[in-house]
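Values reported hereafter were calculated over all heavy atoms of this structure, with side chains retained and with hydrogens, waters and symmetry mates removed. All ligand and atom numbering here is 1-based and tracks the order in the structure.
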Amino acid sequence: MKLIGHEESMLSGAEGKAARKCMQILTALGEIFGAEKMIPVETVQISGVSYDNLGDAGLEFLRELAADGRAKVPTTLNPAGMDTEDWRALGIPEDFARKQTEVIAAFTKMGVDATCSCTPYLIGNLPKPGAHIAWGESSAVTFANSVLGARTNKEGGPSSVAASLTGCTPAYGLHLDEHRRPKVRVMLETDLETKLEFGAFGKALGEALDGRIPLIEGISTRRWDLLKALCAAFATYGGAPIFHIAGGTSEQWSPPADAISIGRDEIVRAARALDDGADRVDFVFLGCPHLSLDELREIAELLRGKTVTKELWLGVARRIKEQADAAGITEILVAAGAKMACDTCHVVAPLRGRFDTFATNSAKGIYYGRSKNRFKSVFRTTEECIRLATEK
Ligand code: F3S
């Protein structure tokens, strides 16, 4: 790889140990993927924040970087293993909380904005079309590429931290035009309305394409709440972290010759495969990816005057919760017995063994609830999830 002045200087150690380590990570990655140079990034979103995933080795790595490493571009964090303020309300053990707090402290020392959300684009980390960025969370990466028209590969924990502390990333993959080109035209032959349907479509699509990038015809909505459900599911079930919607972003591509159709049958089949058919649950999680203010408002309307009888968590960025506080929404949710799960989610929190069967409206949430936490799962609409959370 050809490095320029300040990149060479970071690699030589002239800008400190952390910058050198980070440039070593990025140049190694660039060599593997055949990058010719580095490109500056405008923002970073770091994945691998939960102590449940990092363990002591990950925490030690972050502490070392924090000794002299400082974020060179605006950087936010993916969800942590707990609500960083109100972790006791979520039943998080004290020793876990202590370690998770140390993880966040290391990032804060680096100058990272400790937002802990998988929807950074809802809380100010909002790149413009064409911007080069380095994000880690798969649903956010897919949203950035496909809905916002920004450019990012799916970064791992070390490479996203390295991009933050150097301000650059190797120029390969989805940073380059040729790797963003759609390879298959997808005709969606049915209308989609709910997040559940968009998630089921994302699953069917990801599994049908085997990593090929689609140009999708037949989606007219531009509602972010629906598209983020599609992005999360598509990225989870085998899709490349990008799709194009005909007329969706500023990127214009001619339709590829290969074409497939996806209709109501495929979507119903995908949804059924995500539901274990239980009629009672002991846990409900909404907010995978993290909820927008509109979604919180919708849930508050569904909960108004009701009482939650099961554990109900609402995954949300703290800044969105603060907006909900100001709008009087949180009051309704908490009065009904819902728990605001800021900074975290049902996957990255240490929940294995605590619940048996959970319900969610997120296709991605089902995948990781099953695989990481071994929950039985129930895949339902938001309305149905609230019904399950409040039934006697
Ligand atoms: Fe976000 Fe956790 Fe889902 S990080 S996308 S809420 S699995």
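Of all atoms in ligand 1, numbered sequentially from 1 with element shown, those under 4.0 Å from a heavy atom of Val347 are 7 (S). In the vicinity of Gly287, heavy-atom distances shorter than 4.0 Å reach the ligand 1 atoms 6 (S). Remark: ligand 1 atoms within the under-4.0 Å shell around heavy atoms of Ser139 are 5 (S). Set against the non-hydrogen atoms of Lys364, the atoms of ligand 1 under 4.0 Å away are 5 (S), 7 (S).
The aromatic rings of Phe283 and Phe355 lie parallel to each other, their planes meeting at an angle below 30°, with 60° marking the opposite boundary. By the 30° and 60° cut-offs, the orientation of the rings of Trp253 relative to His244 is tilted.
Ala338 and Leu314 make their closest contact through CB-CD1, 4.0 Å (heavy atoms, listed as atom of the first residue, atom of the second, distance).
Under the 4.0 angstrom criterion for non-hydrogen atoms, Pro79 is in contact with ligand 1. Ligand 1 is never approached by Ser362 to a heavy-atom distance shorter than 4.0 Å.
Atom 3 (Fe) of ligand 1 lies at 2.8 Å or more from every N, O or S atom belonging to His290.
Of the protein's non-hydrogen atoms, the one nearest atom 2 (Fe) of ligand 1 is Cys345 SG, 2.4 Å. Residue, atom and distance of the protein heavy atom nearest to atom 1 (Fe) of ligand 1 are Cys118 SG, 2.4 Å. The shortest contact between atom 3 (Fe) of ligand 1 and any protein heavy atom is with Cys288 SG, 2.3 Å.
Although no hydrogens or angles enter the test, the distance criterion places no donor-acceptor pair under 3.5 Å between the side chain of Ser9 and the main chain of Gly5.
By the 4.0 Å N-to-carboxylate-O rule, Asp225 lies too far from Lys195 to be salt-bridged with it. Taking the charged nitrogens against the carboxylate oxygens, Arg151 and Glu42 have no contact shorter than 4.0 Å, which rules out a salt bridge.
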Please lay out, stage by stage, how Ser117 and Thr115 fare under the test side chain to side chain donor-acceptor pair (under 3.5 Å). CA-CA 6 Å; Ser117 178; Thr115 43; over 6 Å; no
